[in-house]
Amino acid sequence: MTLYTGRNGSMKVGSTFVEKVRDWSLETTVELLSTNTIDSGVNTFVPGIKGATGSATLLYYQAGSTNFKDILSKILKTSEITTNDRVQLTLLVDKAGNNSIRFDAYITSATVAVSSGELTVVPFNFTVDGEFKEVIA
């Protein structure tokens, strides 16, 4: 039996591996639409719209790193956000890529956090745009 830990995980922006990822998470949801009528005695539902959001934290160790440009340039910019700012993200449970989740997303927030004596980190949030392209089998 294979045991996966955070050390096995990684992330890609487009086709490029992110060099230093501290963590990532993904939350999927489905809205439930009520089918109750005035004479219903219990709640009943049908599935509605599904969606997903997530977050990740990158370790900022090199200002020129492509990964930081790929993420930060999508929201930290002097012009408006457009559909061209959508990115393809792949979240990998193992570095071999056998267990991955791939999708298009918009970066919805990003922070550059600097603390004395600590590593500089870039936590960011994203919202999935459309269907998942690949999911864990």
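Start at 1 with the first residue, then count along the sequence.
For Trp24 (side chain) and Met11 (main-chain N/O), no donor-acceptor pair under 3.5 Å exists by modelled atom type. No donor-acceptor pair under 3.5 Å is formed between the side chain of Ser55 and the backbone N or O of Phe124.
In this structure, the separation between CD on Gln88 and OG1 on Thr16 is 10.5 Å, given to the nearest 0.5 Å. Rounded to the nearest 0.5 angstrom, Leu58 CG and Arg22 CZ are separated by 10.0 Å. Going from atom CG of Asp129 over to atom CG of Leu89 covers 11.5 Å, rounded to the nearest 0.5 Å. Note that CG of Leu91 is 12.5 Å distant from CG of Asn99, once rounded to the nearest 0.5 Å.
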Point to revise | Derivation of the side-chain hydrogen bond (donor to acceptor under 3.5 Å, both in side chains) call for Thr44 and Thr35 | key: CA-CA 5 Å; Thr44 56; Thr35 57; 2.5 Å; yes

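What you find for Gly14 and Thr90 is that their closest heavy atoms are O-OG1, 4.5 Å. Heavy atoms only, all atoms of each residue included: Ala52 and Thr28 are closest at CB-CG2, 3.8 Å.
Each of Ile136 and Val30 belongs to its own hydrophobic cluster when Ile, Leu, Val, Met, Phe, Trp and Tyr are linked at side-chain heavy-atom distances under 4.5 angstrom.
Between Lys50 and Glu131 a salt bridge is recorded (basic side-chain N to carboxylate O distance below 4.0 Å).
For the side-chain contact (heavy atoms from CB on, under 4.5 Å) test with Thr53, the passing option among Leu26, Thr29, Thr127, Val128 is Thr127; the others fail.
Remark: Ile81 pairs with Lys77, Asp85 by the side-chain contact (heavy atoms from CB on, under 4.5 Å) rule, at least two apart or across chains. For Asn43, the side-chain contact (heavy atoms from CB on, under 4.5 Å) partners are Asn36, Phe45, not counting sequence neighbours.
Here the side chains of Val87 and Phe126 are not in contact, with every heavy-atom distance at 4.5 Å or above.
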Check residues 104-117 and write down every donor-acceptor pair under 3.5 Å in which the side-chain atom is one partner and the other belongs to a residue at least two apart or another chain.
{"residue": "Asp104", "atom": "OD2", "partner": "Lys133", "partner atom": "NZ", "Å": "3.3"}
{"residue": "Thr108", "atom": "OG1", "partner": "Asn125", "partner atom": "O", "Å": "3.3"}
{"residue": "Ser109", "atom": "OG", "partner": "Asn125", "partner atom": "ND2", "Å": "2.7"}

